[in-house]
Enquirer: 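Encoded as structure tokens, here's the structure I'll be asking about.
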Number of protein chains: 2
Amino acid sequence: MTDLFVPLDDHPAYRQIANVIEERIVGRSLRTGDALPSETDLARQFGVNRSTIREAIRELETHGLLGRARGEKRLRVTRPEPRRVSSSVSRALALHDVTFLELWEAMMAIEPVAAQYAAARRTAAQLQALLRAAARFRREVADTTAAVSAVVEFFTAVAAASGNQVLALSQAPLNLLLAPALTRMIDRVPQARARIHEAQDNITEAIKLRRSEQARTWMEKHIRDFKRGHELELTASLTEI
Amino acid sequence: MTDLFVPLDDHPAYRQIANVIEERIVGRSLRTGDALPSETDLARQFGVNRSTIREAIRELETHGLLGRARGEKRLRVTRPEPRRVSSSVSRALALHDVTFLELWEAMMAIEPVAAQYAAARRTAAQLQALLRAAARFRREVADTTAAVSAVVEFFTAVAAASGNQVLALSQAPLNLLLAPALTRMIDRVPQARARIHEAQDNITEAIKLRRSEQARTWMEKHIRDFKRGHELELTASLTEI
DNA sequence: AGTGGCAAAATTGTCCAACAGTCCGATTAT
DNA sequence: ATAATCGGACTGTTGGACAATTTTGCCACT
């Protein structure tokens, strides 16, 4: 049951100011790249103290709407980077104690589709990124942390190659959740590394040759493997006690 | 190509403090519902000024990790609500100028799967929510804004009934993006309302009877309709000029 | 013992003033 | 023109202050 009436509590000045500035940004009246007035200036314009402005700004900064380039002082309007926002989503999910099965089902829904579109639309540069990620996995297969991060990079590259920002942004949080689960699995299931390697090759090849259907089905198999690997890991960790 | 050397900056005190507190929360050493120490106290513990603490807190608050119940003064540890975090995702996507096609492809990947699981796992209460949403659409079909919001509610209810938090959270941002597109469409394409009504009935029925496959395919048809509707709307808006 | 009410203490929201460090632009020196 | 220099403008952070409101501890009353 959703409430009929709600807060009206947004009162604090810093939140109101944050909202006003946010509206300006999403309404494009402040455009990406524009520099924000100085804090002192904003304080004057809004008729509040600089401390209040700072709290408001902090809010927009963590939303990724404001940011500054390395070593720059002035804040500028930024487009929220997928990494930033997705990390906040996966933190939320982690706090909600999602199970591996939930994660897996979501991956199963998204990744194959992403692979399919990637095969159809990938650019040469995106293919290169994919090849690099696969190569990195092969190269660092012995180092668990590096290998896991290479797997994540691979999925990210596929999603990026799909040419669909929504899919990419939906997929990004899954990666961050996958990492810890994958780390355990890859250490406990001996054949995991070889299977991942093989799957990445097949997927990359299909995307390279622009075979949408193959890319999709290979990715499906790849993700299915994760579930098998996870089950194997569970039994392994049971017998090892 | 990753850079060889990077950060070395980005350590404002308020950010460090935010990170420390965040780690405590994610690491469960501060548990959901716990009240945070007062700002003055935190300032003392961290050895910084209260203003600095406030900026740090603002950051965690916008991440949804801290919050306070209506009319409460003290901050307490909160679990990030899907609504909050998904709205930040969809704001990000909006700023990236996603196309309707991108949105549609993502919906096509997620919604049918959600419907499928919903049929398998929905509880009685979740079914009720679904029925209510469908009823609301029927009832308010004449009022565009209300109708659109009922459609969003329907999708949300399906996702919730899927019993998969990851799917639900991946789906939520799509809703918010859908709303504006749907509003235009529903006004310009006469048959849209009837088709939505019919689709909702079929989907609800399948979920009620726990027919996974039917739920999935009906949802697929439903989403496909959106694309047709969108194309119709484009031609309509062209001829109308 | 339990409950209600009330005043005191604590806490948040906001403000003011200040200072060190640093980035930027203009000016000056090479 | 390029390089070095200087002053001003900003940000990060601090200290202290005050009104409004919430929380708490206490006391009387049932």
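Just so it is clear: chains get the letters A, B, ... in the order the sequence lines come, proteins before strands, and each one is counted from 1.
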Enquirer: Would you call A:Asp41-A:Arg50 a salt bridge at under 4.0 Å N-O?
Expert: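 No, no charged N to carboxylate O under 4.0 Å.
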Enquirer: With no hydrogens and no angle check, just 3.5 Å: does a side-chain donor-acceptor pair link A:Asn19 and A:Glu23?
Expert: no
Enquirer: Is a salt bridge present between B:Arg79 and A:Asp97, judged by a nitrogen-to-oxygen distance below 4.0 Å?
Expert: no
Enquirer: Any side-chain heavy atom of B:Glu59 within less than 4.5 Å of one from B:Leu65?
Expert: no
Enquirer: Tell me: CD of B:Glu72 to C1' of D:dT24, nearest whole Å?
Expert: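 Atom CD in B:Glu72 sits about 14 Å away from atom C1' in D:dT24.
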Enquirer: Any chance you could encode DNA chain D as dot-bracket? Rule is Watson-Crick or G-U wobble with both distances under 3.5 Å; [ ] for pairs crossing earlier ones, | for another strand.
Expert: ||||||||||||||||||||||||||||||
Enquirer: Under the rule for ring-ring contact (aromatic ring centres under 6.0 Å, His included), what residues qualify as partners of A:His222, not counting sequence neighbours?
Expert: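 So A:His222 forms a ring-ring contact (aromatic ring centres under 6.0 Å, His included) with A:Phe155, A:Phe226.
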Enquirer: Check whether the side chains of B:Asn164 and B:Ser162 place a donor and an acceptor atom closer than 3.5 Å, and report yes or no.
Expert: no
Enquirer: Could you verify whether a donor N or O on one side chain and an acceptor N or O on the other, from A:Thr62 and B:Arg58, lie under 3.5 Å apart?
Expert: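 Looking only at side-chain atoms, B:Arg58 and A:Thr62 do not form any donor-acceptor pair under 3.5 Å.
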Enquirer: Under a 4.5 Å cut-off applied to non-hydrogen side-chain atoms, are A:Arg68 and A:Lys73 in contact?
Expert: no
Enquirer: How does protein contact run along nucleotides 6-16 of chain C, one letter per nucleotide 5' to 3', with B for base contact, S for sugar-phosphate only, - for none, heavy atoms under 4.0 Å?
Expert: -----BBBBBB
